[in-house]
S.K.: 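Here it is, the structure, as C-alpha cells.
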Number of protein chains: 2
Amino acid sequence: MTNFSVSSEPEREGGCGRMVRMSSKDRREELIEATIRVLVRDGVARATTRAIAAEAGVTLGVLHYCFTSRAEILEEAAKRLTDRKAAAAREAFASGADLRASIARSLRTFWTGVQAAPGEEQVGYELTQYALRNEEFEQVAQHQYEHYLDVHQEFLEAAARSAGVEFTVPVPALARFVNSTLDGLSMCWLVDRDGKRAEEVLDLLTDYLVSCVAPAG
Amino acid sequence: MTNFSVSSEPEREGGCGRMVRMSSKDRREELIEATIRVLVRDGVARATTRAIAAEAGVTLGVLHYCFTSRAEILEEAAKRLTDRKAAAAREAFASGADLRASIARSLRTFWTGVQAAPGEEQVGYELTQYALRNEEFEQVAQHQYEHYLDVHQEFLEAAARSAGVEFTVPVPALARFVNSTLDGLSMCWLVDRDGKRAEEVLDLLTDYLVSCVAPAG
DNA sequence: GTCTATAAGGAGATAGAC
DNA sequence: GTCTATCTCCTTATAGAC
C-alpha cells in the first residue's frame, strides 16, 4: 500500500503549490464532487475538464490520470447527482392518517428543496437533454427517470397505505403524472420565478391526488 | 435596388459553386431556416456557425455578413421556433358541446405532434436550459413560457365556453398545470419512449380537467 | 456580394520531465 | 504521483482578395 494520504491538510484550491499525495480512489472521489459543484454552478456545457480540474485544485494531467475521458467523469457525476436527488426525495416523504395532509406536506417539502437549490434542478434537465443527444449517455437519462418514477410510486403507495386507502387508477401512471407535473412546474418556475402560481399548481395537484382514492378493501 | 435575386434556381447545398446572389433579407431568412433545421436535427450545442452555414449552403463569411454573431442567429431561430410551436398548438384546439371529447381530442392531437416531431420538443427544452445559463438569452426562455401558458389558457377557456361550463379553479393556475404536465410528460417520454403509459397520463389529465368545471352561471 | 484564409482562443487528450 | 508543455482539433469572428 503505497497509495495513501500522507497529510491531513486540506487540498489547496488554487492549485499553485505541490499537491497532497492521495490515493487514486480518493482523487476520483474529489474530482467527482468537484464535477458536481461545477455542473450545478455553471452547467453541463461549461463543465470542461479544465474547469473541473481547477475546481478540484489539480492539474489537467491528474484528471486524465484518474479518468480516461470527460465522458467518464461526467457520467459518474451525473449518476451520483441522480441518486442523491432520489434519496433526498425519499427523505421528504410524509405519511399519516390524513392523506391530504401527507400529500400536501410532501409536495411542500419537495418544492422548498427546488427553491433552495435551483441549480440542481437545472442541471438535472441539462443532463437529460445532453444524454438524449449523446448516445453513450443514454443510460444516464434512463437512470434518472427510472429512479424518479420509482420514488414517486413509492411515495404514492406509502401515503395511501398510511391513510388506509387505495388508488382507483393505476399507480405507475399516477406516478408518471406526478413526476411530469413536478418536472414541468419546476422548469416553468426556473424561467418565470412565479412562486405564487407554482404553489397554486401544487394545491391543484394535491386536490387531484386526493380525489383518486377510495377506502381500501 | 441592387440587392435582388438574379436567378430562380434553388440554392446549391454543397456550397461548391458560386452562390446565387440574394438580398440580405432573403439570406437571413434562409439562414434562420437552416439554423432551425440544424437545431432540430443536432441540438443547440452542435448548432455551430459552421454547421448552420453548411446547412444553408453558404460560407462562414456570408453568415457573418448577415448576422453579427452566433447569438443573434440563434435567438432569431429560437423565437421563430417558439412562435411556430405556439401556432401549431392553437391549430390543435378542438371544441364542442362535449367538454371531455374536446379536451381528449386536443390532448391527442398535441401528443401526436410530439411523437411525430420529437426533435422539436427536444430543442425546445434545450433552448430553455441554454437561455437559463446565458443571460443574454433570458428573454428567449421567457418568450417561450409566456406563449405556452397563454396558449393553454386560451385552450381551456375556449373548451369551457363551447361546452357552456366554467372552471371552478383559477384558469391561469390550471393553464400552468396543463403546461407543466405536458412538458414533463414529453420529457419523460423522450427518455423512455413508453407511449402506453404516456397516453394513460393524458387520460388522467383529461379526467382531472373535466372534474374542474361547473355549469356556467 | 462572395469567398478564402487566418486570427485568436478554448477544448480534450497525451508525452515526458521531475 | 504530479505537473508542464504541447498536440490536434474545433470554435467564433474577421480581414481582405476577388
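Here is the naming used below: chain letters follow the sequence lines, and residue numbers restart at 1 for every chain. Fair warning: this is a prediction, and the values are worked out from it, not measured in the lab.
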S.K.: Figure out the CG/P separation between A:Leu31 and D:dG1, and round it to whole Å.
M.R.: 13 Å
S.K.: Calculate the interatomic distance between B:Ile73 atom CD1 and D:dA13 atom C1'; express it in whole Å.
M.R.: 14 Å
S.K.: In whole Å, what is the span from the CD atom of B:Glu30 to the P atom of C:dG1?
M.R.: 14 Å
S.K.: Listed by chain and number, what are the side-chain contact (heavy atoms from CB on, under 4.5 Å) partners of A:Asp83, not counting sequence neighbours?
M.R.: A:His143, A:His147
S.K.: So, does B:Tyr208 use its side chain to make a donor-acceptor pair with the main chain of A:Leu209 at under 3.5 Å?
M.R.: no
S.K.: Between A:Ser102 and A:Ser95, do the side chains contain a donor N or O and an acceptor N or O under 3.5 Å apart?
M.R.: no
S.K.: Could you give the CZ-to-P distance, from B:Phe67 to D:dA13, as a whole number of Å?
M.R.: 13 Å
S.K.: Which of parallel (below 30°), tilted (30 to 60°) and perpendicular (above 60°) describes B:Tyr130 and B:Phe137?
M.R.: perpendicular
S.K.: Which whole-number value in Å describes the distance from B:Arg27 CZ to C:dC3 C1'?
M.R.: 12 Å
S.K.: Extract from the structure each pairing of a protein N or O with an N or O of nucleotides 10-12 of chain C at less than 3.5 Å, listing the distance.
M.R.:
from, atom 1, to, atom 2, distance (Å)
C:dG12, OP1, A:Thr49, N, 3.3
C:dG12, OP1, A:Arg70, NE, 3.1
C:dG12, OP2, A:Thr49, N, 2.9
C:dG12, OP2, A:Thr49, OG1, 2.4
C:dG12, N7, A:Arg50, NH1, 2.9
C:dG12, O6, A:Arg50, NH2, 3.4

S.K.: Relative to each other, are the rings of A:Trp189 and A:Trp111 parallel, tilted or perpendicular (30° and 60° limits)?
M.R.: perpendicular
S.K.: Can you measure A:Leu63 atom CG to C:dT14 atom C1' for me and round it to whole angstrom units?
M.R.: 13 Å
S.K.: Measure CG/B:Asp26 against C1'/C:dG1 and give the value in whole Å, please.
M.R.: 14 Å
S.K.: For B:Gln144 and B:Thr128, test the side chains for any donor-to-acceptor distance below 3.5 angstrom and give the result as yes or no.
M.R.: yes
